[in-house]
Amino acid sequence: MVTFLRRSAKMVFWIFGYGSLVWNPGFEYDEKVIGFIKDYRRVFDLACIDHRGTPESPARTCTLENVEGAICWGAAYCVRGGPERERLAMEYLERRECEYDKKTLVDFYKEGEPSQPALTGVIVFTSTPDKVSNKYYLGPAPLVEMARQIATAHGPCGNNRDYLFLLEKAMFAIGHEDDMVIELAKEVRKVLGITGNGIPTEKKITGTSPKALKSHMPVLQLRPLQEAVAMDS
């Protein structure tokens, strides 16, 4: 049985994951609880240059957009045991989520109890939606353009498209599929010429060439991390 505690009640560290943390937390935790946060939706507006992409060809990964009335499903992780365990978990997460420029405190809700938060003060990594102040913010783009970028980007942790497909699978597994994830994954499969069951077709990709697409993508004058870190984003 999960015991839900307010952070002020005792030393308990809670973090909400809505991207790769849903299926691959990568740190030691004591509890994992499926639930949602309010007034945020998942969008693919953030550049990743050291996990699923590179500075020259950034991947598109999840961040949160503040939208009144929206909800975002994911997983909350609890770390207990005192400041040292919290420090180790946060140091890991800050390295992994280095493209996110903010930590936001949110209320977390359990399924079936939408009116009363089960947890308050849950940490979630977010990003400033401004291309001037936040060098990793790509902003929105047409679905086809995002799909082509995701279909082709890759980095030390693998392909950008695998990130998307794994997220699609993870949201299905927890029983809360995301329409945006499904729509984008479907478009990426069209770009790759893959049918719904994952079988490649002989369809030839048409439309914007990779060279032309690259001309519409923002050029990020960034340096990769000095040390490769085997983690996901």
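A cation-pi arrangement is absent between Lys102 and Phe125, since the terminal nitrogen or guanidinium carbon is not both under 6.0 Å from the aromatic centre and inside a 45° cone about the axis.
Ion pairing between a basic and an acidic side chain is recognised when a charged N comes within 4.0 Å of a carboxylate O; Glu28 and Arg80 show no such pairing.
Nearest heavy atom pair, residue Cys98 against residue Asp50, reads SG-OD2, 3.2 Å.
Under the side-chain contact (heavy atoms from CB on, under 4.5 Å) criterion, Asn159 pairs with His154, Arg161, Asp162, sequence neighbours left out. With sequence neighbours left out, the salt bridge (charged side-chain N to carboxylate O under 4.0 Å, His left out) criterion links Asp45 to Arg60. Contacts of Pro114 classified as side-chain contact (heavy atoms from CB on, under 4.5 Å), with partners at least two apart in sequence or in another chain: Phe36. Glu94 meets the side-chain hydrogen bond (donor to acceptor under 3.5 Å, both in side chains) test with Lys103; sequence neighbours excluded. Listed by chain and residue number, Val43, Glu65, Val67, Ala70 satisfy the side-chain contact (heavy atoms from CB on, under 4.5 Å) test with Arg41 (two or more places apart in sequence, or in another chain). Residues passing the side-chain contact (heavy atoms from CB on, under 4.5 Å) test with Ala76, sequence neighbours excluded: Trp14, Phe108. With sequence neighbours left out, the side-chain hydrogen bond (donor to acceptor under 3.5 Å, both in side chains) criterion links Ser133 to Asp130. Under the side-chain hydrogen bond (donor to acceptor under 3.5 Å, both in side chains) criterion, Asp30 pairs with Arg85, sequence neighbours left out. Checked against side-chain hydrogen bond (donor to acceptor under 3.5 Å, both in side chains), Glu113 has no partners two or more places apart in sequence or in another chain.
Listed by first and then second residue, the side-chain hydrogen bond (donor to acceptor under 3.5 Å, both in side chains) pairs involving residues 68-79 amount to none (not counting sequence neighbours). Residue pairs meeting the side-chain hydrogen bond (donor to acceptor under 3.5 Å, both in side chains) criterion with at least one partner in residues 171-183, sequence neighbours excluded, are Arg42-Asp178, Glu111-His176.
Between Thr104 and Tyr40 the shortest side-chain heavy-atom distance falls below 4.5 Å. With a 4.5 Å cut-off on side-chain heavy atoms, Leu64 and Asn66 do not count as touching. Taking the side chain as every heavy atom from C-beta outward, Tyr136 and Ile49 approach each other to under 4.5 Å.
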Worked check of salt bridge (charged side-chain N to carboxylate O under 4.0 Å, His left out) between Arg189 and Glu168: CA-CA 12 Å; Arg189 290 188 179 96; Glu168 180 188 34; 2.7 Å; yes

Stepwise side-chain contact (heavy atoms from CB on, under 4.5 Å) test for Ile123 and Met90: CA-CA 10 Å; Ile123 300 168; Met90 183 54 70; 3.9 Å; yes

Glu84 vs Arg87, salt bridge (charged side-chain N to carboxylate O under 4.0 Å, His left out): CA-CA, chis, key distance, verdict: CA-CA 5 Å; Glu84 182 62 15; Arg87 182 186 66 79; 2.5 Å; yes

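Between Cys62 atom SG and Leu167 atom CG the span is 5.0 Å, to the nearest 0.5 Å.
Inspection of the Thr128 and Asp101 side chains reveals an N or O donor paired with an N or O acceptor under 3.5 Å.
Looking at Glu99, its side chain never comes within 3.5 Å of a backbone N or O of Leu46 through a donor-acceptor pair. In this structure, the side chain of Lys32 engages the main chain of Val22 through a donor-acceptor pair within 3.5 Å. At distances below 3.5 Å, not a single donor-acceptor pair connects side-chain atoms of Asn134 with backbone N or O atoms of Pro129.
In the hydrophobic clustering of this structure, Leu164 does not group with Phe172; members are Ile, Leu, Val, Met, Phe, Trp, Tyr whose side-chain heavy atoms approach within less than 4.5 Å, directly or through other members.
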